[in-house]
Amino acid sequence: MGFWKSLFSTSDRLSAPVKIQQEGRGAIAAEPRIVFSVDRELDLYELEELCDAVGWSRRPLRKVRKALQHSFLVVSMWEERPARRRLIGFARATSDHAFNATIWDVVVHPQFQNKGLGKALMKYTIKKLKSEDISNITLFADPQVVEFYRRLGFLLDPEGIKGMFWYPD
Ligand SMILES: CC(C)(COP(=O)(O)OP(=O)(O)OC[C@H]1O[C@@H](n2cnc3c(N)ncnc32)[C@H](O)[C@@H]1OP(=O)(O)O)[C@@H](O)C(=O)NCCC(=O)NCCS
């Protein structure tokens with residue numbers, strides 16, 4: 001966790017590679033680092049690969065493109081090396097642009113899970129929403145990740161409020 005933390009860059013745009021000083025070692029230029037972006041022009045095939053990696057069912061790319069275009073915020077997380085960068089995390093939010101936002105499609109590539117990166121991705125997403133003066137952030141948690149969101153401060157059924165769903169027959 002400490003290692004990854006030292007590599008986080010929370011700039012909106014991918015910044016130029018910098019030398020990274022690691023404990024007990026000299027400055028290393030070629031070490032990978034983790035960066036965030038809010039650029040919504042993503043390679044949809046790369047995003048699909050990421051979603052495939054966690055076993056999500058495929059969605060029509062034209063609908064994914066539309067969803068990204070119409071999202072309020074699109075956050076991607078990258079492992080950046082001098083020669084290439086790789087999409088390793090993603091989240092997006094829809095919003096009324098005033099009071100409410102709902103976070104969707106939170107994912108970290110399995111090779112990068114359990115290192116604090118999901119938490120960093122969520123914190124970055126929340127920070128961005130707060131900077132837009134959004135005060136009410138909601139999400140729908142799969143049962144196996146309720147605890148992940150709870151640790152980030154999300155409440156389950158606050159004051160008894162229940163999420164309700166309508167599906168076509
Ligand atoms: C859920 C997910 C985004 C978490 O990402 P991650 O990088 O593994 O999470 P982190 O390492 O940042 O974990 C942060 C904290 O949450 C805990 N945590 C992570 N996943 C958890 C889980 N499934 N259940 C309970 N706790 C969990 C960690 O132990 C850690 O606790 P700590 O702060 O006390 O150390 C990732 O597992 C994932 O992409 N899963 C598949 C897709 C998915 O289910 N998305 C959510 C859809 S609602």
Side-chain angles (χ1 to χ4, degrees), residues 1-12 14 20 22-23 31-40 42-61 63-68 70-81 84-96 100-131 134 136-158 161-167:
M1 173 64 188
F3 171 71
W4 289 103
K5 231 178 193 172
S6 72
L7 303 183
F8 290 148
S9 159
T10 53
S11 58
D12 287 357
L14 297 173
I20 297 157
Q22 273 185 265
E23 216 172 282
E31 289 288 345
R33 61 179 194 155
I34 306 299
V35 295
F36 294 99
S37 171
V38 290
D39 186 351
R40 65 187 66 215
L42 291 175
D43 178 340
L44 296 187
Y45 293 100
E46 208 176 352
L47 180 57
E48 190 173 50
E49 264 177 41
L50 175 62
C51 296
D52 279 353
V54 295
W56 283 353
S57 25
R58 291 211 165 172
R59 301 176 294 188
L61 286 190
K63 292 195 86 171
V64 174
R65 182 179 296 110
K66 201 169 176 181
L68 262 56
H70 293 277
S71 289
F72 179 66
L73 175 69
V74 173
V75 176
S76 51
M77 182 167 69
W78 304 82
E79 183 200 43
E80 196 177 64
R81 294 172 183 272
R84 70 176 196 124
R85 59 178 201 161
R86 174 184 179 191
L87 181 66
I88 61 164
F90 178 85
R92 69 184 178 94
T94 50
S95 176
D96 60 13
N100 304 289
T102 305
I103 296 176
W104 304 94
D105 300 342
V106 177
V107 55
V108 172
H109 192 282
Q111 286 172 6
F112 294 83
Q113 289 177 9
N114 302 313
K115 299 174 194 291
L117 291 174
K119 192 174 177 173
L121 174 69
M122 283 298 295
K123 284 194 164 180
Y124 182 78
T125 303
I126 292 165
K127 190 178 86 179
K128 284 281 159 194
L129 292 174
K130 279 172 73 182
S131 76
I134 300 292
N136 188 24
I137 301 174
T138 51
L139 54 78
F140 300 95
D142 289 341
Q144 70 278 13
V145 289
V146 166
E147 188 53 33
F148 166 70
Y149 292 120
R150 213 202 296 258
R151 285 174 197 217
L152 284 156
F154 285 86
L155 304 172
L156 202 59
D157 299 344
I161 296 166
K162 302 281 179 204
M164 296 179 75
F165 296 75
W166 179 89
Y167 293 115

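Indexing begins at 1, ligand by ligand and atom by atom, following the structure's order. FYI, side chains are in, hydrogens and waters are out, and symmetry mates aren't considered; it's all heavy atoms of this structure. The model shown is predicted, which means the values in this text are computed figures rather than measured ones.
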**Study point:** Rounded distance [0.5 Å steps], CD in Glu79 versus CD1 in Ile88
**Key:**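 One finds 6.0 Å between CD of Glu79 and CD1 of Ile88.
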Practice item. Any chance you could measure Met122, atom CE, to Arg151, atom CZ, to the nearest 0.5 Å? Key: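 It comes to 14.5 Å.
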**Study point:** Aromatic plane relationship, Phe154 with Tyr149 - under 30° parallel, 30 to 60° tilted, over 60° perpendicular
**Key:**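 Taking Phe154 first and then Tyr149, their aromatic rings stand perpendicular (interplane angle over 60°).
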Check your understanding: What is the ring orientation for Tyr167 with Phe165, classed by angle as parallel under 30°, tilted 30 to 60°, or perpendicular over 60°?
Key ->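 Aromatic pair Tyr167/Phe165 classed parallel.
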So, [X] side chain and [Y] main chain: donor-acceptor pair closer than 3.5 Å or not?
X: Glu46; Y: Leu87; value: yes
X: Arg40; Y: Phe72; value: yes
X: Gln113; Y: Val108; value: yes

List the closest protein heavy-atom neighbour of [atom]: residue, atom name, distance to the nearest 0.1 Å.
atom: atom 29 (O) of ligand 1; value: Arg151 NH1, 3.8 Å
atom: atom 45 (N) of ligand 1; value: Val106 O, 2.8 Å
atom: atom 33 (O) of ligand 1; value: Lys119 NZ, 3.0 Å
atom: atom 8 (O) of ligand 1; value: Asn114 N, 2.8 Å
atom: atom 47 (C) of ligand 1; value: Asp142 OD2, 3.7 Å
atom: atom 42 (C) of ligand 1; value: Trp56 CZ2, 3.6 Å
atom: atom 38 (C) of ligand 1; value: Gln113 NE2, 3.3 Å
atom: atom 25 (C) of ligand 1; value: Glu147 CB, 3.5 Å

Review point. Any side-chain heavy-atom pair from Phe112 and Leu121 closer than 4.5 angstrom?
Key: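 Side-chain contact under 4.5 Å: no.
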Check your understanding: Any side-chain heavy atom of Leu44 within less than 4.5 Å of one from Leu68?
Key ->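 Heavy-atom side-chain distance check passes, below 4.5 Å.
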Tell me whether [X] has any N or O atom under 3.5 angstrom from an N or O of ligand 1.
X: Gln144; answer: yes
X: Gly116; answer: yes
X: Val108; answer: yes
X: Gly118; answer: yes

Please could you name the atoms of ligand 1 that [X] approaches to less than 4.0 Å, counting only its heavy atoms?
X: Val145; answer: 1 (C), 23 (N), 44 (O), 46 (C), 48 (S)
X: Phe140; answer: 48 (S)
X: Val107; answer: 39 (O)

Review point. Which option out of Phe148, Phe112, Phe90 puts a heavy atom nearest to atom 9 (O) of ligand 1?
Key: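 Comparing heavy atoms across Phe148, Phe112, Phe90, the nearest one to atom 9 (O) of ligand 1 lies in Phe148.
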Point to revise | Nearest protein heavy atom under 4.0 Å from atom 35 (O) of ligand 1, yes or no | key: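 No, there is no protein heavy atom closer to it than 4.0 Å.
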Check your understanding: Do Trp104 and Thr94 meet the criterion of a side-chain donor-acceptor pair at a distance under 3.5 Å?
Key ->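 The answer is yes; a qualifying pair exists.
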Review point. Should the proximity of His109 to ligand 1, defined as any heavy atom under 4.0 Å, be assigned to the side chain, the backbone, both, or neither?
Key: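 Looking at His109 and ligand 1, no heavy atom falls under 4.0 Å.
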Review point. What are the two closest heavy atoms between Phe36 and Val75, and how far apart are they?
Key: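 Taking every non-hydrogen atom into account, CD2-CG1, 4.2 Å.
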